[in-house]
Participant: 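Below is the structure I would like to discuss, written out as structure tokens.
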Amino acid sequence: MPADAASRTPPTPDRALGAVPSAGLRLPSWLVTLTMLLPTYAWLTLAILLPLGAMLSFSFMTATPLGKKEVAFTFKHYRAFIDQPYLIGVAWTSLLIGLWTTFLCAVVGFFTALALARATAGRLRETLLILVILPFWTNGLVRVFSWTMVIREGGFLDLLARSVWPDAPSLGFLYSLPAIILGLVHGYLPYMVLTCYIALVTIDDSILEAAESLGARKWTVLWRIIVPMAAPGLISGSVLIFVPVIGAFMEPRILGGPRGVTLGTVIEEQFTQAFNWPLGAALSFTILALVLGIFATFSGVLRRSSSL
Amino acid sequence: MKLAARTYILAVLVFLYLPIGVLIAMGFNESPLYQLPFQFSSHWYVELMSNRKLISASWNSVLIAAITAVIATVLGTLAAVALSRRQFFGKEALRLLLLPPIAIPWLITGTAMLVFFYWTGIGRGFHAILIGHVALAIPYVVLVVGTGLTTIRADLEEAAMSLGAPPVKAFFQVTLPLLAPSIFGAALFAFAVSLDQFVVSYFLATPGSSTLPVEIYSAIRKGFTPEINAVCTILLAGSVSIFLLFTLFAKPGASRDRS
């Protein structure tokens, strides 16, 4: 649209904000474009790109280059998984947390989206969608903290159990892996509901009716038609969840306590307590490589489902 | 079948809201150890009034969010207009550059900022948090305003110019008023992104410049008290009211109907 609009009016290259015709001063078009874009991209360069570059160079240094320490080039921090075998266990925990969170979000979120798309309409659907998205806008830290109220010993869960059976043993499971996964599922479920919902509302009723009239059972319709058609939503939802979860550190700290050692918390420690910035940087870039790999693999699916 | 589906949605909503409800209720409970039976008390909110640390952190949070909203909205709107209305080389690459702040885990962005700001002498503190928050908010502004722009026909502005309006006037009197709801929505979004941001602030905060989420985190790490519940409830109320304002102003679906 803008392309042919521009070609229709070629004699006015200065028709842009920034040109000051009343003064007779005409700024060249490219200069106006540059002025509009420069502030944003200069800011992103200063706050995102240069810091990532600095961190990449730090990851190859033998020590944090502050003070008078001699600093040399090294690859040793990228060998950390070999030199410090406990990191393999930590990475495994992080991976487990990431996979379980993504899987549970996919199952729960897919059926929520399906129910929204097939069993609700109009105002009710709008309201329910808003209610699902709303927690997104609230602080993640607050939501994580709220679970400690429920799953701690003597918390709300125990209260419920004891109202049924007064002598019930405590069901509290704060400071465990399931607690971390529960908090993360709670935090990221809305992503999956949204991406699946966007994929599911486009399914034409007549396709499902055709399948049913040809004798397909409910499960066959679900597995052979609905799930494959929702696949882009499931995939982009999974990417959007797995990527931040693999770098999570606040959730494992609060809900995992001493058991919550993940790659995220190890990296955080390198920067705030151990002051081993090069190791922290190398671990960060290992995760970043994984993240970029995931985005590259699924870029096609992500682009298609985001353009909807 | 329909009933089962709706029951299921209800169960998911209970899952989403139950802990938040418990959190709010416990902030109004008398017992400092969250003991029951429930006894209503506004004690913890009164206590909050005299907590200087939390009050100054709240003030920092609101101030940073407001400045972030203004800067990110101005810069992001300019970029969004250029990206969707002007022709130039390398547009796709520039669009891709908006992704890192959204797609890279905050832990990595935050620690990278810490390293770089420390190294270059920018340092940590209020200004550093502000630089970080604006960078995180800009992509969302470009996205929201860009979506708004797709619903406004470019030929309206051209019509104004062919009738003799200077380009600047055509933009400010035709496109900008139509775009205003999206811009306001984007500003609210930027405000919310900044207000809720914890990870990046955590790495860039200094004792005097910490924001509310950073203070809440360090309070949680020290031990749970109903005072934390009270301050969390206030933060929740703030976020929810911004969300309600946002749904009023930036309804992508609704604005499409209007044009």
Side-chain angles (χ1 to χ4, degrees), chain A residues 1-2 5-6 9 14-17 19 21 33 36-37 39-41 43-44 47-48 50-52 54-55 58 108 111-112 115-116 118-119 128 130-131 134-135 137-142 145-150 156 159 243-244 247 249-250 254 264 267-268 271 277 280 284 287-288 291 295, chain B residues 2 5-6 8-9 12-13 16 19-20 22-23 26 36 75-76 78-79 81-82 85-88 97 100-101 103-105 107-109 111-116 119 131-132 134-135 138 154-155 158 161 166-168 171 192 196 198 203 213 216-217 220 224 228 232 235-236 239-240 243 247:
Chain A
M1 183 69 181
T9 50
D14 56 18
R15 49 179 194 90
L17 105 133
T33 308
M36 291 170 82
L37 290 168
T40 285
Y41 287 93
W43 201 294
L44 290 180
I48 307 276
L50 287 178
L52 287 174
M55 190 132 101
F58 268 58
V108 178
F111 284 106
T112 311
L116 277 170
R118 313 288 323 166
L128 289 174
I130 286 182
L131 280 175
L134 182 60
W137 279 68
T138 61
N139 195 293
L141 185 65
V142 171
F145 175 63
S146 74
W147 276 105
T148 65
M149 299 285 111
V150 176
F156 188 74
L159 181 81
V243 165
F249 83 91
M250 171 265 283
I254 295 175
I267 291 175
E268 187 242 346
F271 286 98
W277 288 6
S284 287
I287 290 188
L288 196 58
V291 167
F295 275 119
Chain B
K2 212 168 190 172
R6 289 185 178 182
Y8 178 77
I9 297 178
V12 170
L13 287 178
L16 285 176
I20 298 173
V22 175
L23 171 101
M26 284 304 175
L36 296 164
L75 301 194
L78 279 175
V81 172
R85 288 290 155 90
R86 303 186 66 86
Q87 303 304 311
F88 55 90
L97 274 180
I104 296 176
L107 171 71
I108 297 175
T109 328
T111 51
M113 285 179 191
L114 169 71
V115 165
F116 180 71
W119 197 30
I131 295 175
V134 171
I138 282 178
D155 45 8
E158 277 151 30
M161 281 186 289
V168 181
F171 177 81
D196 289 340
F198 159 68
F203 289 109
I216 292 176
Y217 179 73
I220 292 174
F224 307 158
I228 303 177
C232 284
L235 188 56
L236 278 175
S239 312
V240 171
F243 174 79
T247 52

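In what follows, chains carry the letters A, B, and so on, assigned in the order in which the sequence lines appear, proteins first and then strands, with residues in each chain numbered from 1.
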Participant: Heavy-atom distances under 4.5 Å only: say whether B:Ile108 touches chain A with side chain, backbone, both or neither.
Facilitator: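 For B:Ile108, heavy atoms of backbone and side chain both lie under 4.5 Å from chain A.
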Participant: Could you have a look at B:Pro100, B:Gly76, B:Pro213 and say which one has the most heavy-atom pairs with chain A under 4.5 angstrom?
Facilitator: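 Most heavy-atom pairs within the cutoff with chain A belong to B:Pro213.
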Participant: When heavy-atom pairs shorter than 4.5 Å are enumerated against chain B, which of A:Ser146, A:Gly264, A:Ala115 gives the highest number?
Facilitator: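 The candidate making the most pairs under 4.5 Å is A:Ser146.
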Participant: Which answer fits B:Tyr217, side chain, backbone, both or neither, if we ask what part of it has an atom under 4.5 Å from a heavy atom of chain A?
Facilitator: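 Contact with chain A is through both the backbone and side chain of B:Tyr217.
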Participant: From B:Phe116 CZ over to A:Phe58 CZ, what is the distance, rounded to the nearest 0.5 angstrom?
Facilitator: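 CZ of A:Phe58 is found 10.0 Å from CZ of B:Phe116.
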Participant: Could you have a look at A:Leu131, A:Ile254, A:Val243 and say which one has the most heavy-atom pairs with chain B under 4.5 angstrom?
Facilitator: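 Winner by heavy-atom pair count: A:Leu131.
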Participant: With a 4.5 Å cut-off on heavy-atom pairs, point out which of A:Leu50, A:Val150, A:Leu159 contacts chain B the most.
Facilitator: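 With the most close heavy-atom pairs to chain B, the winner is A:Leu50.
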Participant: Under a 4.5 Å heavy-atom cut-off, does chain A meet the side chain of B:Val12, its backbone, both or neither?
Facilitator: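 Contact with chain A is through the side chain of B:Val12 alone.
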Participant: If every non-hydrogen atom of B:Tyr8 is compared with every non-hydrogen atom of A:Val108, which pair is closest and at what distance?
Facilitator: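 Smallest interatomic distance, heavy atoms only, reads OH-O, 2.9 Å.
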Participant: Quick check on B:Met113 against chain A: is it the side chain, the backbone, both or neither that has a heavy atom closer than 4.5 Å?
Facilitator: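 Both backbone and side chain.
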Participant: Of all heavy-atom pairs between A:Gly247 and B:Leu107, which one has the smallest distance, and what is that distance?
Facilitator: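 Closest heavy-atom pair between A:Gly247 and B:Leu107: O-CD2, 3.4 Å.
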Participant: Checking heavy atoms, do the side chain of B:Phe243, its backbone, both or neither come under 4.5 Å from chain A?
Facilitator: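 The answer is both parts of B:Phe243.
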Participant: Flag the one option from B:Pro105, B:Ala5, B:Pro19, B:Ser239 with the top tally of heavy-atom pairs under 4.5 Å to chain A.
Facilitator: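 Looking at each option in turn, the highest pair count goes to B:Pro19.
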Participant: Could you check which of A:Ile130, A:Val291, A:Thr148 has the highest count of heavy-atom pairs closer than 4.5 Å to chain B?
Facilitator: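 Most heavy-atom pairs within the cutoff with chain B belong to A:Thr148.
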Participant: Would you compute the distance between atom CZ of B:Phe198 and atom CG of A:Asn139 and round it to the nearest 0.5 angstrom?
Facilitator: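 Between B:Phe198 CZ and A:Asn139 CG, I get 9.0 Å after rounding to 0.5 Å.
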Participant: Need one label for B:Ile131: side chain, backbone, both or neither, based on atoms under 4.5 Å from any heavy atom in chain A.
Facilitator: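 Contact with chain A involves both backbone and side-chain atoms of B:Ile131.
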Participant: Please round to the nearest 0.5 Å and tell me the distance separating atom CD1 of B:Ile220 and atom CG of A:Leu141.
Facilitator: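 It is 4.5 Å, given to the nearest 0.5 Å.
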Participant: With a 4.5 angstrom heavy-atom cut-off, is it the side chain or the backbone of B:Leu16 that approaches chain A, or both, or neither?
Facilitator: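 It is both, since atoms from each part get that close.
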Participant: Any side-chain heavy atom of A:Trp137 sitting closer than 4.5 Å to one from B:Val240?
Facilitator: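 Result no, sub-4.5 Å side-chain heavy-atom pair not found.
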Participant: For chain B, which of A:Gly280, A:Pro244, A:Pro135 has the most heavy-atom pairs under 4.5 Å?
Facilitator: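 Of the candidates given, the most pairs with chain B belong to A:Pro135.
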Participant: Looking only at heavy atoms, which two atoms of B:Leu97 and A:Leu44 are closest? And how far apart?
Facilitator: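 Heavy atoms only, the tightest pair is O-CD1, 4.1 Å.
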Participant: Classify the ring geometry of B:Phe203 against A:Phe249: parallel below 30°, tilted from 30° to 60°, perpendicular beyond 60°.
Facilitator: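 Ring orientation of B:Phe203 relative to A:Phe249: tilted.
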Participant: Given a strict heavy-atom distance threshold of 4.5 Å, which part of A:Leu52 is in contact with chain B: side chain, backbone, both, or neither?
Facilitator: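 Both backbone and side chain of A:Leu52 come within 4.5 Å of chain B.
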Participant: Take A:Trp277 and B:Thr111, measure what side-chain contact (heavy atoms from CB on, under 4.5 Å) needs, and give me the verdict at the end.
Facilitator: CA-CA 9 Å; A:Trp277 288 6; B:Thr111 51; over 6 Å; no
Participant: What are the two closest heavy atoms between B:Leu23 and A:Met149, and how far apart are they?
Facilitator: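 Heavy-atom minimum between the residues: CA-CG, 4.2 Å.
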Participant: Where does A:Phe295 contact chain B at under 4.5 Å (heavy atoms): side chain, backbone, both or neither?
Facilitator: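 Answer is side chain: those atoms of A:Phe295 sit under 4.5 Å from chain B.
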Participant: Which region of B:Ile20, side chain (C-beta onward) or backbone (N, CA, C, O), has a non-hydrogen atom less than 4.5 Å from a non-hydrogen atom of chain A, or is it both or neither?
Facilitator: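 Both the backbone and the side chain of B:Ile20 come within 4.5 Å of chain A.
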Participant: Roughly how far, to the nearest 0.5 Å, is OG1 of A:Thr40 from CG of B:Leu78?
Facilitator: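 Output value for this atom pair is 7.0 Å.
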